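Below you'll find the structure, written out as C-alpha cells, and then a few comments.
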Amino acid sequence: MSSSAVVQRYGSTGQVQSIDPYNDKGHVSIYRSAEFRREIQQREREAARAKRDRQQAARGAAKPAPRTVITVDTSRARSNIDVVRMCIRELRWREYAMGRRDLKCDVFWHGVNVQDYSSYYTGQINRFPGMGEILAKINLFRTLDLMKRIFPNEYDFYPKTWLLPHQYQEFCAEVTGNSSGKRKMKKTYIVKPSEGSQGDGIYLLKDPQEYCLHGNRSHVVQEYLSDPMLLEKFKFDLRIYVTLKSLDPLEFYIAKEGMVRFCTVAYQRPTYKNMQESYMHLTNYSLNKHSTTYNSSEREDEGSKRTLSSVLNKMASLGMDSSTLFEAIERLVSKTIVAITPELRVAYQAHIPAGKPGPSCFQILGFDILLMRDLKPMLLEVNSCPSLRTVCEQEVGPGVVTYLPCLKDEEIKRPIVRDTLLLVAPKEKLEVLKKERKERRKVRRRFRSRGSNVNRQSNGNCENASIDKDNEDTVVDENMKEPTQATSINVISEADNASESDRAKSVFDHVEKRPASTPIALFRYQDEDGEGDHTDADAEVALSSKPCARFDEDESDGGSYASDSENETEEESCLKQLYPAVYQAEYERLRIFEKVAHIFMSSLGIRGSWRIGLTGFRMFTRKCRLGRRKLTSAAIDILYIDFQKKWDYMNPDRTSGLCYQGFVDAFLEIARRKFYSVDMVEMLENLVDYCEANMVHNSHSAPYVNRRLLGRRGKNLPLRLSYDDSLLTDVDSMHISVSSTKNQRYKSTGVYGSTRTLYEPKE
Ligand code: ADP
C-alpha cells in the first residue's frame, strides 16, 4: 500500500471505491485494513506538527528582542542563508528566519536585489537600490568610459569596450582599422551579454560579421586580453570582495582574502581553432566545474579554486611583487566605486527620498579581475550579487549532483560576511555587547583564579587524601602531589579513564564532601569552561546579573565568540578600509560627478524620480542661470530633445525624460559651449562651480514667487522668499499657503505635503 492520501472503501455495489479521506466530505466508514488507519493517524500527526511549528514561528516572530541583542532578518537570504546563519551564531546575535511582523530588525539580509524599499523604515539592508542595473556590464563600462573621457590616465584598467548593437558601426570601424589583412593576425574580441553571468552566452570573435544579435539583448564587446598571467600554464582570474558601507559619507572596504578561479585547459593565445574552447579561455567556476580536468583539491594552494593569499604567496615566491599588485587592485576598486557612486546616489534618492524614514544600505560586491603578464590588473566586471555559497556541487553520477561543504569557500566568505555584519551593526549595541563580554571574562577570570586557589587547597586535600589513602594502602601517583590546575581538571574529567579512575574518584569523593560553597562547584564550572554548569552560587549570581543572560544562549547551537576564547585577543577584521582612510586625499577630485548628480537630483521636479523631464531641465538651466550667454531658451529645448534621442536606446520602456547619464552628457555639452577648454576637468569644474554658485545664490537671494499663487492675503508679502535649496527645489510646482499668524510665519506645503517655514519676517 502506497502512502498516498487515497483510501479505499467498499461501495454499495460491493466494488472497491477510491476516496480521499481529506477531500471527501462524508465519513469513511469502512477501512479495508489497519494500514489505512495508520496512514490517517500519521497524516493527522503531521498536520498537528505543522500547526505547532507555525504557531511557534508566529510566537517567535512576535517575541520582542532584548534591547541589546542585534537582530537579523534572514527571511529573504536565499542562497546566502548558510553563511549568514553561521556568522549570526558566531556573533551570538539573533536571527529572525521568518522575519518580524513589526519589520524592526537591525539588519535585513537579502539573497538577491531588492525591488521594493517602501516597506522598510529602519535598519540596514544589504542591497543598494539600483545596484543590479548600475553594474550591468553595459552600464558599468559606459560609466567607466565617461570617467575615462575626463580622467584618461586614471581609468585605464579595463579592456576597450563597445556597447552593441548601439556602437556596432564604431566597433566595425575599429576592427577594420586594426586588421592587418592577414587572417591569422587579426585581433580577438569577446562578446558578453550585458545582463549575463556565469559565462552564459559568451563567445570570441575576430570579425564583426560573426556577431549574432539575439532579439533585444544588448551586449558588450571587448578587446580580448590575450596575454594574461598564467600559473602552471592555466589562465586564472581573481574574485575580490568589497564592502560598500555607505554612500554618504562614501565608505568602502576591501577584503584581504579573495578567490582565484582557474581554467581547466592549458592556455594558448586565441586562434580560429581554439576560440570555442571555453575551458581554456573562460575562468568561470560554473563552467569549469563540468570539465573532466577540474581539480577540486581542498588545499588552499592547489586545485581549480584557490585562495588569493596562496596565489599571492606563490607569485612572491616566483619573484613577483605581490604587495604592489594588491595596491594596484585597491586603486582599481576605489576608482570603480568612485565612478558608480553618483548614479547610486540618484537611484538611492529615487527609492528612499530624503526626509522619508528609510533603511540605510550596504552591499558586498564581487570584482572580477584578470592579471596581465606584466601584473597589471584589468577589470572584467563587478558582480552585485557575488556568490556567498559555502557548498560545492559534485557530480556523483551522470546528471546527479550533490552539494558538499567547501572549506575553501567557507574560509573566504564567512569572515567577509561576519565582518560586514559587524561593520553595519548599531554601534551602541556593539558597545554594550563588548562591555558585557568584558564583564563576563572578568567574572570568569575571577572564578578561575579562585578556582586555582581552591585547586591548590584541594590539591592539598588531594595530598592529604593520598596520605590518607596511603594509609589505606592505596597507590597514589607522585604527580598528584603538586598538580597544576590543568592536571586537577584532567583528573576529574578523565575519571572515566580506567587506570586513573580510582585515584580520580578518591579525589572527587574527598572534594564532594566539602560544603556546597567550596571548590567542587568551581571545578565543575571550570571544567565546562565557564559556560555550562554554574553550580557556584556566586558565579550564578554574577553571571545571571549580566545582561548577556538575555541572549537566550543555547550552547547547543554551536555558536561561540572567537573573543570569548582563552587568549582574549580580538580577531583582526578581514576588511581593510580603502575610502576614506587610504585613498580619500588622492581620489577626492575624481568625485566631481557626484556634484553633477546633486544638481540633477535637485532639478528633478518629482521626488523619487530617476529621469528629468523638459520642465525640470529648463528649471535647472534657469536656477543655474545658464540661459544668459550662448544658450537661449530655444537652444536649451533643442539640446534636451537631442540628448533625449541620443539616450533613447537606454530606455527600452520608453519612459519619458532623460536619464542621469544622458543628463551628464548634456551637462558636458553645456560645459563645452560655455566654458570651452582643452582640459576637460577644468571645463567641467568651471561649469559645476558656476552652477553651484548660482544655486547657492538663488537659495540666499530667494527665488521670485508668483504673486498669483499667494492668494489675496499674500498680496502684501515681499516678492522674494528664502528656502533651503537642497530640500525644496521645484518652486514652480509648490503650493504656497500663507497664514497671518501672530508670529508672522509663512509656510508652504511642499510636494509631499511637508510644511516648511519659507519666510520669517524679522521683528
Ligand atoms: P560573466 O558575468 O558571464 O562571468 P565575465 O565578464 O566575468 O562574464 O567573463 C567571463 C570570463 O571570460 C572571465 O572570467 C574571463 O575569464 C573571461 N573574459 C571576460 N572578458 C575578457 C577579456 N576582455 N579578455 C579576456 N578574457 C575575458
Side-chain angles (χ1 to χ4, degrees), residues 112-113 131-142 144-145 156-164 171 174-175 178 186-206 211 214 217-231 233-242 258-271 274-291 294 304-306 308 311 332 336 365-374 376-387 389:
V112 292
N113 290 322
M131 186 68 96
E133 293 93 75
I134 290 164
L135 291 182
K137 291 183 186 75
I138 196 161
N139 232 318
L140 173 69
F141 288 105
R142 212 185 28 223
L144 293 176
D145 277 347
D156 60 347
F157 53 78
Y158 63 96
K160 203 164 180 186
T161 307
W162 296 265
L163 319 175
L164 299 187
F171 173 54
E174 165 83 16
V175 176
N178 274 335
K186 277 186 176 172
K187 264 193 173 180
T188 310
Y189 300 89
I190 183 166
V191 182
K192 310 190 253 187
S194 176
E195 313 283 342
S197 62
Q198 305 190 334
D200 168 43
I202 295 183
Y203 57 95
L204 307 190
L205 55 74
K206 284 181 184 269
Y211 169 63
H214 299 288
R217 216 171 176 193
S218 49
H219 293 82
V220 294
V221 59
Q222 288 184 329
E223 260 176 8
Y224 185 75
L225 304 170
S226 54
D227 203 14
M229 164 101 189
L230 305 179
L231 268 186
K233 296 190 185 160
F234 294 103
K235 178 178 171 179
F236 62 90
D237 77 348
L238 316 179
R239 162 61 59 87
I240 304 290
Y241 297 92
V242 172
M259 179 93 74
V260 183
R261 288 107 30 116
F262 282 76
C263 281
T264 43
V265 169
Y267 182 76
Q268 288 168 8
R269 281 171 163 272
T271 61
N274 68 25
M275 260 167 44
Q276 282 79 24
E277 286 229 38
S278 53
Y279 297 151
M280 179 190 289
H281 295 292
L282 309 186
T283 48
N284 300 74
Y285 162 72
S286 47
L287 290 174
N288 282 285
K289 70 184 176 192
H290 300 299
S291 167
Y294 183 81
S304 301
K305 240 189 205 185
R306 301 183 195 178
L308 176 67
V311 169
L332 176 154
T336 308
L365 305 171
F367 281 64
D368 288 353
I369 291 170
L370 192 73
L371 289 189
M372 304 308 292
R373 200 178 284 270
D374 60 358
K376 183 177 164 61
M378 295 292 269
L379 180 69
L380 298 181
E381 72 157 337
V382 185
N383 285 281
S384 60
C385 300
S387 163
R389 291 178 82 128

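Counting starts at 1 for both ligands and their atoms, following the listed order. Please read these numbers as outputs of a predicted model, since none were measured by experiment. Side-chain atoms are counted along with the backbone in the values below, which use heavy atoms only and exclude waters and symmetry mates.
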**Asked** What closest approach, in Å, do R269 and N274 show between heavy atoms, and which atom pair accounts for it?
**Response** O-ND2, 3.0 Å

**Prompt:** Between L365 and P386, what is the shortest heavy-atom contact and its length?
**Reply:** C-CG, 3.8 Å

**Prompt:** Who passes ring-ring contact (aromatic ring centres under 6.0 Å, His included) against F171, sequence neighbours left out?
**Reply:** W162, Y189

Tell me which donor-acceptor pairs under 3.5 Å the side chains of residues 235-242 have, and how far apart each pair is, sequence neighbours excluded?
| unit_1 | atom_1 | unit_2 | atom_2 | d |
| --- | --- | --- | --- | --- |
| K235 | NZ | Y224 | OH | 2.9 |
| K235 | NZ | H281 | O | 2.6 |
| D237 | OD1 | R261 | NE | 3.0 |
| D237 | OD1 | R261 | NH2 | 3.2 |
| D237 | OD1 | T283 | OG1 | 3.4 |
| D237 | OD2 | R261 | NH2 | 2.9 |
| D237 | OD2 | T283 | OG1 | 3.1 |
| R239 | NE | D368 | OD1 | 2.7 |
| R239 | NH2 | D368 | OD1 | 3.1 |

Give every pair formed by an N or O atom of ligand 1 and a protein N or O atom closer than 3.5 Å, one pair per line with both atom names and the distance to 0.1 Å, or write none.
| unit_1 | atom_1 | unit_2 | atom_2 | d |
| --- | --- | --- | --- | --- |
| ligand 1 | 2 (O) | K137 | NZ | 3.0 |
| ligand 1 | 2 (O) | E381 | OE1 | 3.2 |
| ligand 1 | 2 (O) | E381 | OE2 | 2.5 |
| ligand 1 | 3 (O) | Q198 | N | 3.4 |
| ligand 1 | 3 (O) | G199 | N | 2.8 |
| ligand 1 | 4 (O) | G199 | N | 3.4 |
| ligand 1 | 4 (O) | N284 | ND2 | 2.7 |
| ligand 1 | 4 (O) | E381 | OE2 | 3.4 |
| ligand 1 | 6 (O) | K192 | NZ | 2.7 |
| ligand 1 | 7 (O) | E381 | OE2 | 3.1 |
| ligand 1 | 14 (O) | D237 | OD2 | 3.1 |
| ligand 1 | 14 (O) | T283 | OG1 | 2.6 |
| ligand 1 | 16 (O) | T283 | N | 3.1 |
| ligand 1 | 16 (O) | T283 | OG1 | 2.7 |
| ligand 1 | 20 (N) | K192 | NZ | 2.9 |
| ligand 1 | 23 (N) | Q222 | OE1 | 3.3 |
| ligand 1 | 23 (N) | E223 | O | 3.0 |
| ligand 1 | 24 (N) | L225 | N | 2.9 |
| ligand 1 | 26 (N) | K235 | NZ | 3.0 |

**Asked** Is the closest basic N to carboxylate O distance between K160 and E223 below 4.0 Å?
**Response** no

**Item:** D156: side chain to side chain contact (heavy atoms under 4.5 Å, CB included) partners, not counting sequence neighbours
**Value:** K376

